[in-house]
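Written out below as structure tokens is the structure these notes cover.
Start at 1 and go down the list; that is how both ligands and their atoms are numbered. Starting from 1, each residue takes its place in the sequence as its number.
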Amino acid sequence: MRVNVVLSPNQVDELYFTGKTAVVIDVLRATSTILTALENGAREIIPVASLEFGAKISANSFGGKIVRGGEKNMRKIEGFDLGNSPLEYTREVIEGKTVVFFTTNGSKAIVKTKFSKATYIAAFLNAAAVAEKLKAAGDDVEIVCSGRGGEFSYEDTICAGYIIKLLKSNDRTLRLKDSAQAALTLYEESAAKLNERVKNSEHGMLLSDAGFEEDINYCVRLNVTGLVPVFLSNSIKK
Ligand code: MLT
């Protein structure tokens, strides 16, 4: 198995993913929120790359069955039902709902992989389950870090490195591209102080300043769910 890490979605275009297996990470907070919503019974998440498209497909809420979630500048968008804090996506709020989901980086990165053979949604919350899924399939994999504004992000790259660490155990056939090796090295250097590292990342500090420190604590927990959601035909399901 060959593993590449796309350090920013801006590195590649949509066609790059054609027929490949992809994993998308946005630890803070999009993929952590998607996992939480599905864990708490959401029917599906429809990620969108533009607010206009999101508004179009959610124009009819079908009696509240379709809700709008996500953020702009970390805050709930006007007219939306939910923001991008995973803590908002409780079972009481989300069970049975379809979430049309827009975020600044994460939802766009997911949509970018739409021509993939399969795209798995990953975060620290489900890293071990993702690694197991990838091992079982045995395909080459592209791990996409959603980053921030097209730039490298610390927390997504550390999470990519953690998944690689888990893939690597007992697998002598694993071939790491340099980006994957760099992510692994970053993870190994950060493992003992994960919470601190993520909090001190650019996005971590912005979230703390905006009053979302609890979200960071929530998102840095390892392997609390066995869910590995798949993005297929425009929809993310468990
Ligand atoms: C994103 O997609 O950019 C994020 O999830 C931003 C956020 O923390 O809300």
Side-chain angles (χ1 to χ4, degrees), residues 6-12 14 22-40 42 45-55 67-90 93-94 99-114 119-127 143-160 194-195 197-221 225 229 231 234 236:
V6 177
L7 294 164
S8 151
N10 281 13
Q11 256 179 256
V12 295
E14 293 172 346
V23 170
V24 179
I25 301 172
D26 186 2
V27 168
L28 299 177
R29 297 165 289 175
T31 56
S32 301
T33 298
I34 291 169
L35 278 162
T36 304
L38 290 170
E39 181 76 36
N40 284 336
I45 314 291
I46 303 181
V48 292
S50 76
L51 278 173
E52 294 69 30
F53 187 63
V67 297
R68 296 175 183 173
E71 57 73 40
K72 215 169 169 187
N73 296 326
M74 297 172 288
R75 304 280 179 197
K76 185 167 106 169
I77 299 160
E78 211 186 312
F80 271 41
D81 306 284
L82 294 160
N84 190 29
S85 168
L87 303 177
E88 290 178 62
Y89 290 70
T90 58
V93 169
I94 211 65
V99 187
V100 174
F101 191 65
F102 173 87
T103 68
T104 313
N105 303 284
S107 70
K108 293 178 191 164
I110 296 166
V111 171
K112 200 164 205 181
T113 68
K114 64 186 173 195
T119 293
Y120 299 114
I121 304 302
F124 285 120
L125 303 176
N126 71 340
I143 304 181
V144 184
C145 298
S146 298
R148 265 194 77 237
E151 293 184 357
F152 175 91
S153 92
Y154 216 101
E155 66 281 5
D156 293 343
T157 311
I158 298 176
C159 184
L194 207 52
N195 200 296
R197 278 297 155 90
V198 174
K199 270 193 182 137
N200 289 334
S201 67
E202 281 181 65
H203 195 54
M205 288 196 284
L206 285 173
L207 281 172
S208 293
D209 290 348
F212 291 115
E213 195 164 346
E214 259 327 290
D215 285 5
I216 306 175
N217 295 330
Y218 178 92
C219 295
V220 294
R221 293 170 312 137
T225 172
F231 173 53
N234 302 318
I236 303 169

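Sparse packing is recorded around CD of Glu202, with 12 or fewer heavy atoms of other residues, nucleotides or ligands lying under 6.0 Å away. Heavy atoms from other residues, nucleotides or ligands lying under 6.0 Å from CD of Glu151 number 12 at most. The number of heavy atoms from other shown groups lying within 6.0 Å of CG (Asn234) does not exceed 12.
Close N/O approach between Gly106 and ligand 1 is found [any backbone or side-chain N/O within under 3.5 Å]. Considering backbone and side-chain atoms together, Ala30 places an N or O closer than 3.5 Å to an N or O of ligand 1.
For atom 6 (C) of ligand 1, the closest non-hydrogen atom on the protein side is Glu71 OE2, 3.4 Å. Distance from atom 3 (O) of ligand 1 to its nearest protein heavy atom, with residue and atom name: Asn105 ND2, 2.6 Å. Ranking protein heavy atoms by distance to atom 8 (O) of ligand 1, first place goes to His203 NE2, 2.7 Å. The nearest heavy-atom contact from the protein to atom 7 (C) of ligand 1 is Asn84 ND2, 3.3 Å.
With a 4.5 Å cut-off on side-chain heavy atoms, Asp26 and Ile121 do not count as touching.
Between Asp215 and Arg29 there is a salt bridge, since a side-chain N of the basic residue sits under 4.0 Å from a carboxylate O of the acidic one. Comment: Glu88 does not engage Lys76 in a salt bridge, judged by the lack of any side-chain N to carboxylate O separation of less than 4.0 angstrom.
For ligand 1 and Thr103, the ligand atoms under 4.0 Å from any heavy atom of the residue are 1 (C), 2 (O). Close contacts between ligand 1 and Thr104 involve ligand atoms 1 (C), 2 (O), 3 (O) [criterion: under 4.0 Å to a heavy atom].
Contact annotation: Arg148 has no heavy atom less than 4.0 Å from any atom of ligand 1.
When heavy-atom distances to ligand 1 are checked against a 4.0 Å cut-off, Asp26 comes that close only through its side chain, counted from C-beta outward.
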